[in-house]
Amino acid sequence: MPMFEYAPAPESRSILNIRESYGLFIDGEFTAAADGRVFKTISPATEEVLAEVAEAGSADVDRAVRAARRAYESLWSVLPGRERAKYLFRIARLIQEKARELAVLESLDNGKPIRESRDVDIPLVAAHFFYYAGWADKLEYAGYGPQPKPLGVAGQVIPWNFPMLMLAWKIAPALACGNTVVLKPAETTPLTALAFAEICQQADLPPGVVNIVTGAGETGRAVAGHPDVDKVAFTGSTEVGKLIARSVAVAAPKKKLTLELGGKAANIVFEDAPIDQAVEGIVNGIFFNQGHVCCAGSRLMVQESACDDVLAALRRRLATLRLGDPLDKNTDVGAINSAAQLQKIRDLSELGEAEGAQRWSPPCELPARGFWFPPTIFTGVSQAHRIAREEIFGPVLSVLTFRTPAEAVEKANNTPYGLSAGVWTDKGSLILWMASRLRAGVVWANTFNRFDPASPFGGYKESGYGREGGRHGLGAYLDA
Ligand code: NDP
């Protein structure tokens, strides 16, 4: 039992003015879908309907692509980089000015704790626009030749786990390089993308440079498959990533494609690691954003000699996590994003038990309404268990053990994914030895889930290809 209870500290919603309904953002204006279709977006913490949103069909996507093409040819691709930079800087400043509003909106629509949207997501969104604004007039020094050219119209499809941050990862480098975009946010989290469309209007961004088409998987398919899209950028499941890769390869092999897909990262703790610090890193690795993180440290690998101590400290720490209202500033673990995702987490967790692993959660009261899952640890997990192999994308940690560094590397790499990994040890030489052998795009040393716009991010194997962020992220949007 905690020694004392925290008084509720809810962030006010009064700063928001959510409209009853939203249109598609095409050619600088909000418009209804051609066939008038709409869908509802809800708060996953309460199941309350937040707004009605237009559902784009293929005719709407076509209209958006045509607007993007016009803007690309008549203006954006020929505008000097320093002029494009001014728009991006203006957008970045507007995001900072509206940071509180955007954080509340993100937490409402997504279910993530306000502490995370306020302190991580939205500051990183602004940082991405600032960072790429700085590149817009320096592209000839980025290592892509003396006169790098944009690709054209980018079709971008993003998931629901970091709705506005994924938008920033996609839109900021694309615009900095002189491309125009048609972006589809996830069906369950469209609201911050629509707030971003309003920011584009306020920044006087020329019509057609950014178009936002809301909808579900079919809309995403229409964006990725549109014949006049020159570049497709997708973040989401490996399954849909494969479908997109296949359709691009068959129908339009000249289209450029970057994919950022799933992961099953190993977070590796050696016996000489500072345990309290490592426990914070383990918690941040898998319970940050309810584990809805492609690079989440979902496989904890602890050196056998330290396992009992690490697990005891981890259990003590989990008992202090507060789960509940995402808008409460004390909340550590928010709501699962959708009923479908909750079902997937439940199914895989039940399977873990059926396969013989031991399940543990701290005592934790779940709210009556909304979609919730307690922080969960599985011990006695073997490499063959599905919970050790498949992306659960929820607050569920599988614990495995190892004896030697070589065994840790072998187990860590025994996955079709390769997005990230973490290493916890006192020895710098061991960190370097491990990092050079781990097949993962990012290896964190004595930390986890750290992001910076200057640092490239991306995967090996089934985690996708292409890099986002940093100088490398420019390469995905330049004809080099
Ligand atoms: P999806 O891959 O289905 O969704 C990602 C985006 O692609 C969404 O905008 C989605 O639209 C859209 N989409 C869906 N089908 C197509 C298609 N055929 N062509 C083009 N775009 C499409 O992921 P889910 O949201 O269904 O999540 C399923 C699982 O994927 C999760 O349980 C998790 O394991 C993994 N995942 C991994 C992510 C990562 O970053 N690695 C992010 C999200 C999910 P819509 O949302 O409207 O369906």
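First listed ligand is number 1; within each ligand, the first listed atom is number 1. Treat the numbers as computed from the prediction; the structure is a model and nothing was measured.
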Any donor-acceptor N or O pair under 3.5 Å, side chains Thr235, Lys170: yes

Under 4.0 Å to a heavy atom of Cys294 - the qualifying atoms of ligand 1, by number: 39 (C), 40 (O), 41 (N)

Side-chain ion pair, Asp332 and Arg115, N-O less than 4.0 Å: yes

Atom indices of ligand 1 within 4.0 angstrom of Ile244 heavy atoms, with elements: 20 (C)

Enumerated ligand 1 atoms positioned under 4.0 Å from heavy atoms of Val157: 6 (C), 7 (O), 9 (O), 12 (C), 21 (N)

Winner among Val223, Val240, Ile158 once heavy atoms are compared against atom 6 (C) of ligand 1: Ile158

Atom indices of ligand 1, in the order listed, that fall short of 4.0 Å to a heavy atom of Lys344: 29 (C), 31 (C), 32 (O), 33 (C), 34 (O)

Aromatic plane relationship, Phe30 with Phe25 - under 30° parallel, 30 to 60° tilted, over 60° perpendicular: tilted

Proximity to ligand 1 by part of His292, non-hydrogen separation under 4.0 Å: neither

Atom indices of ligand 1 within 4.0 angstrom of Gly215 heavy atoms, with elements: 47 (O)

For atom 13 (N) of ligand 1, the protein heavy atom that lies nearest, with its residue and separation: Gly217 CA, 3.7 Å

Aromatic plane relationship, Tyr131 with Trp135 - under 30° parallel, 30 to 60° tilted, over 60° perpendicular: perpendicular

Heteroatom distance test (Glu391, ligand 1): nitrogen or oxygen, under 3.5 angstrom: yes

Nearest-neighbour protein heavy atom for atom 10 (C) of ligand 1, which is reported as residue plus atom name and distance: Lys184 NZ, 4.0 Å

Asp109 and Thr41 side chains, donor-acceptor separation under 3.5 Å: yes

Mode of Ala186 contact toward ligand 1 - side chain, backbone, both, neither (heavy atoms, under 4.0 Å): both

Verify atom 15 (N) of ligand 1: protein non-hydrogen atom under 4.0 angstrom away: yes

Closest to atom 38 (C) of ligand 1 among Phe393, Trp160, Tyr417 (heavy-atom distance): Phe393

Basic-acidic side-chain contact under 4.0 Å: Arg369, Glu48: no

Pair Asn414-Glu410, side-chain donor/acceptor within less than 3.5 Å: no

Salt bridge present between Arg63 and Asp27 (N-O < 4.0 angstrom): no

Atom indices of ligand 1, in the order listed, that fall short of 4.0 Å to a heavy atom of Asn161: 40 (O)

Carboxylate-amine/guanidinium contact Lys231 Asp479, below 4.0 Å: no

Option with minimal heavy-atom separation from atom 46 (O) of ligand 1, where the choices are Glu187, Gln156, Met166, Arg221: Glu187

Under 4.0 Å to a heavy atom of Thr235 - the qualifying atoms of ligand 1, by number: 5 (C), 40 (O)

Identity of the nearest option to atom 2 (O) of ligand 1, non-hydrogen atoms only, from Gly262, Ser338, Ser237: Ser237

Greater than 12 external heavy atoms within 6.0 Å of Arg19's CZ: yes

Options Gly220, Gly241, Gly236, Ala224, ranked by nearest heavy atom to atom 21 (N) of ligand 1, top entry: Gly220

Ring centers of Trp169, Phe457 separated by less than 6.0 Å: yes

Proximity of Glu239 to ligand 1 by residue part, where a heavy atom lies under 4.0 Å: neither

SB check Glu106 Arg118 (cutoff 4.0 Å): no

Any N or O of Gly263 closer than 3.5 Å to N or O of ligand 1: no

Ring-ring centroid check Phe196 Phe129, cutoff 6.0 Å: yes

Where ligand 1 meets Pro159 - atom numbers and elements under 4.0 angstrom, heavy-atom basis: 42 (C), 43 (C)

